[in-house]
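Below, chains carry the letters A, B, ... as their sequence lines are ordered, and counting in each starts from 1. Just so it is clear, the model here is predicted, and its values are computed rather than measured.
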Amino acid sequence: MTVRTRFAPSPTGYLHIGGARTALFNWLFARHHGGRFVLRIEDTDVARSTEESVNAILDGMRWLGLDWDEGPFYQSKRFDLYREHVERLLRAKMAYRCWCTPEELEERRKKAIEEGRPPRYDGRCRNRTDTPEGAFAVRFKVPPRRTVFEDMIKGQISFEHGEIEDLVILRSDGTPTYNLCVVVDDATMNITHVIRGDDHINNTPKQILLYEALGYSVPSFAHLPMILGADRTRLSKRHGATSVTAYREMGYLPEALVNYLARLGWSYGDQEIFTREELVDKFSLESVGKSSGIFNPEKLLWLNHHYIKESPTERLVPEFLRHLERLGVDGSRDERVPVIIETLKERAKTLGQMAEDALFYFKEDVTYEEKAARKFLTPDKAELFRMLIERLASLDPFTRDAIQDAFDSVLREKRLGLGKLAQPVRVALTGTTVSPGIFETIEALGRKRTVKRLKDACEFIEKTSSETTATR
RNA sequence: GGUCCCAUCGUCUAGUGGCCCAGGACGUCGCCCUCUCAAGGCGAAAACACGGGUUCGACUCCCGUUGGGACCGCCA
């Protein structure tokens with residue numbers, strides 16, 4: 001039998017980091033076994049589901065490269081199928097009508113909690129023979145025994161049915177509920193392995209009971225440990241960015257996120273970096289851990305940095321331009337872009353940061369950081385800058401090696417170390433004391449701008465030195 | 001509160017009874033390299049929750065305690 005897995009998000013928000021990992025593990029498992037990966041949208045809660053959310057989820061999946069073989073299927077389009085199944089259970093007396101209203105149930109629940117009893121449905125409509133007027137829900141009759149199943153990650157798990165209440169499978173408005181839909185869908189879509197978060201463990205016995213009642217074979221289950229925030233509670237908005245989209249917007253690479261998510265809960269010896277192919281090749285549920293993991297943004301950042309460094313420059317160009325644009329710079333027609341990226345690759349942890357760091361290359365005028373200017377743009381530098389301008393003007397080709405030669409010749413003549421010239425030039429060109437290596441910076445900035453900025457710096461020096469003399 | 005799940009450095013983890021006075025990675029700290037910042041190299045601090053068993057021998061097996069988490073809906 002070929003492996004079939006599925007990812008079944010409910011479209012009530014964006015693709016969450018936790019959801020993305022569930023999707024990834026399902027995808028990896030299917031791909032590893034040469035199986036099929038199915039996408040299903042669980043939108044039975046019509047009120048909370050939105051199309052916008054569906055699109056966000058699909059976009060997120062595509063961006064991460066999690067392609068699906070079938071779907072997306074929408075539960076909202078399969079209501080007839082679910083109702084048929086409910087009918088079947090009703091006819092077999094495995095389910096019954098319940099006329100208790102949500103308000104009554106809520107009241108009983110409250111009372112039960114107050115009296116210290118478990119807040120469970122008391123089954124009062126179970127053996128009811130009359131058929132009152134009004135809307136009714138349908139409940140599944142949970143048989144009195146225990147259910148044991150073998151979880152592929154957690155091992156054997158067992159539940160005493162006394163703990164399970166007769167669950168509603170059809171609401172009084174005629175719409176089916178989650179537990180029924182999942183079972184009907186997974187069964188009719190021939191899902192062989194249900195891989196999902198372990199927050200679903202408590203639903204599993206109910207679902208197994210439904211499979212059995214409906215005469216379907218029960219799939220294998222694998223419950224993934226949760227991803228927690230730094231405070232060890234379920235990862236949520238309070239822990240910072242949790243949507244896949246947000247990471248894309250910040251300039252993370254999908255391969256970094258995929259690699260990070262794969263390693264959160266799964267491991268392969270001491271290996272940290274995995275290509276997509278390696279992941280598919282090496283993934284197995286046996287090496288998925290049982291305990292929940294805390295989302296660590298620092299490590300994700302490290303991986304992102306790694307992938308930025310390793311990516312071919314062409315790969316980064318379009319994304320880089322996008323981030324530049326958000327900062328108000330159109331670099332699309334600037335042929336220096338690849339070279340500029342080269343200078344920044346090694347030090348940018350995100351593409352967003354790379355764009356920010358690249359801003360000085362594009363600005364018309366440099367604004368000096370006050371402290372930097374005071375320290376490095378001192379009167380003695382004007383002469384050095386002029387010598388440099390002269391030599392740079394005649395360089396051909398204008399490459400980092402040639403630029404270094406120009407520096408060397410000035411330095412030799414003046415008997416100075418590189419440090420004495422590099423920092424002032426850096427300030428003149430970028431306005432700050434931090435930038436890529438000075439030769440590559442100049443090469444990427446280009447001759448015209450370099451010369452212009454050095455000249456501007458000379459003017460600045462003259463102006464400030466005359467001011468200080470004047471105040472003396 | 002009930003049910004279920006979980007428990008190795010701050011974090012992700014390796015470890016499936018002797019190879020472990022516990023290995024790797026992120027982060028942190030120090031040193032080296034150096035035109036700044038990074039990158040890179042080298043090094044350091046840092047963990048088997050606790051208590052009982054089982055065993056010649058437990059991080060590894062069993063039980064309990066403690067701690068953490070999830071779920072308890074006519075949400076999914």
Side-chain angles (χ1 to χ4, degrees), chain A residues 8-12 42-45 47-49 75 98 100-102 105-106 109 112-113 116-121 135-139 151 153-155 157-160 162-165 167-179 181-182 197-205 223 225-226 228 230 232-234 260 263-273 287 289-303 305 309 344-349 357 372 376 404 407 411 417-427 430 432-439 441:
Chain A
S10 67
T12 53
E42 308 221 319
D43 56 351
T44 53
D45 186 348
R48 290 201 302 155
S49 301
Q75 289 190 327
C98 170
C100 303
T101 65
L105 292 168
E106 186 49 42
R109 217 189 324 273
I113 291 168
R117 287 181 290 117
R120 213 175 298 143
Y121 180 63
F136 58 84
V138 176
R139 285 183 186 270
D151 189 276
I153 291 169
K154 310 268 187 180
I157 301 177
S158 70
F159 288 85
E160 209 63 61
E163 302 305 329
I164 307 173
E165 65 178 351
L167 56 142
V168 169
I169 52 178
L170 193 74
R171 299 184 187 97
S172 48
D173 65 359
T175 59
T177 63
Y178 168 73
N179 282 111
C181 298
V182 199
D198 70 11
D199 49 338
H200 284 285
I201 286 182
N202 290 304
N203 284 323
T204 310
H223 287 98
M226 298 267 88
L228 273 25
R232 300 191 166 275
T233 61
R234 211 188 153 125
Y260 177 72
R263 271 296 276 99
L264 217 193
W266 172 82
S267 62
Y268 188 81
D270 284 338
Q271 190 171 342
E272 295 288 348
I273 308 287
S287 12
K290 295 179 177 185
S291 49
S292 49
I294 294 173
F295 183 77
N296 183 350
E298 299 280 314
K299 189 157 182 180
L300 208 208
L301 204 55
W302 170 74
L303 276 164
H305 186 26
K309 273 188 294 180
L344 264 12
K345 257 166 126 174
E346 217 158 74
R347 47 211 107 212
K349 299 204 180 212
D357 292 348
F376 293 107
Q404 178 159 12
F407 267 70
L411 261 16
L418 178 56
K420 291 277 181 258
L421 187 52
Q423 275 306 75
V425 171
R426 178 168 281 119
V427 174
T430 72
T432 75
T433 54
V434 176
S435 88
I438 196 66
F439 309 128
T441 299

Classify the nucleic acid contact of [X] as base, sugar-phosphate or nothing, counting any heavy atom under 4.0 Å across all strands shown.
X: L264(A); value: sugar-phosphate
X: E298(A); value: sugar-phosphate
X: I294(A); value: sugar-phosphate
X: H305(A); value: sugar-phosphate
X: P9(A); value: nothing

Less than 4.0 angstrom between a side-chain N/O of [X] and OP1 or OP2 of [N], yes or no?
X: S267(A); N: rA14(B); answer: yes
X: R120(A); N: rG73(B); answer: no
X: R48(A); N: rA76(B); answer: no
X: T44(A); N: rA76(B); answer: yes
X: K309(A); N: rG40(B); answer: yes
X: R232(A); N: rU11(B); answer: yes

Next item on the list: Quote, to the nearest angstrom, the C1' distance that separates rG23(B) from rC19(B).
Entry: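 Those two atoms are separated by 12 Å.
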Notebook entry, point to check: Can you find a donor-acceptor pair, distance only, under 3.5 Å between S172(A) side chain and rC74(B) base?
Noted result: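 Such a pair is found, so the answer is yes.
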Checklist line | Side chain Q271(A) and base rG24(B) donor-acceptor under 3.5 Å | finding: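 It does not, because no donor-acceptor pair links the side chain of Q271(A) to the base of rG24(B) below 3.5 Å.
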Notebook entry, point to check: Taking atom C1' of rC4(B) as reference, at what distance in whole Å does atom CG of N202(A) sit?
Noted result: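 Checked: the CG to C1' distance equals 5 Å.
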Checklist line | Rounded interatomic separation in angstrom, taking CZ from R426(A) and P from rU36(B) | finding: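 Distance check: R426(A) CZ to rU36(B) P gives 8 Å.
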Name the pairing partner of [N], where a pair is Watson-Crick or G-U wobble with both distances under 3.5 Å, or state none.
N: rG73(B); answer: none
N: rC26(B); answer: rG10(B)
N: rG51(B); answer: rC63(B)

Note to self: Once rounded to the nearest 0.5 Å, what's the spacing between atom CG of L418(A) and atom CZ of F439(A)?
What the structure shows: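 Between L418(A) CG and F439(A) CZ, I get 4.5 Å after rounding to 0.5 Å.
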Check: CG of N179(A) to CG of L167(A): how many Å apart, nearest 0.5 Å?
Finding: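 It is 5.5 Å, given to the nearest 0.5 Å.
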Next item on the list: Tell me which of I153(A) and S10(A) sits closer to the 5' end of RNA chain B, going by the nucleotide each one is nearest to.
Entry: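 Its nearest nucleotide lies further toward 5', so the answer is I153(A).
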Margin query: Using heavy-atom distances to pick each residue's nearest nucleotide on RNA chain B, tell me which of L170(A) and K154(A) is more 5'.
Written below: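 Looking at the nearest nucleotide for each, K154(A) comes out on the 5' side.
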Notebook entry, point to check: Between R48(A) and T12(A), is any side-chain donor less than 3.5 angstrom from a side-chain acceptor?
Noted result: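 No pair is found: no donor N or O on one side chain lies under 3.5 Å from an acceptor on the other.
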Next item on the list: Would you check if the side chain of E165(A) reaches a backbone N or O of R120(A) as a donor-acceptor pair within less than 3.5 Å?
Entry: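 Not at all, since once roles are kept as given, no pair shorter than 3.5 Å links the two residues.
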Item checked: Salt-bridge contact R347(A)-D357(A) (side-chain N to carboxylate O under 4.0 Å) ->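 A salt bridge is absent here (no side-chain N lies under 4.0 Å from a carboxylate O).
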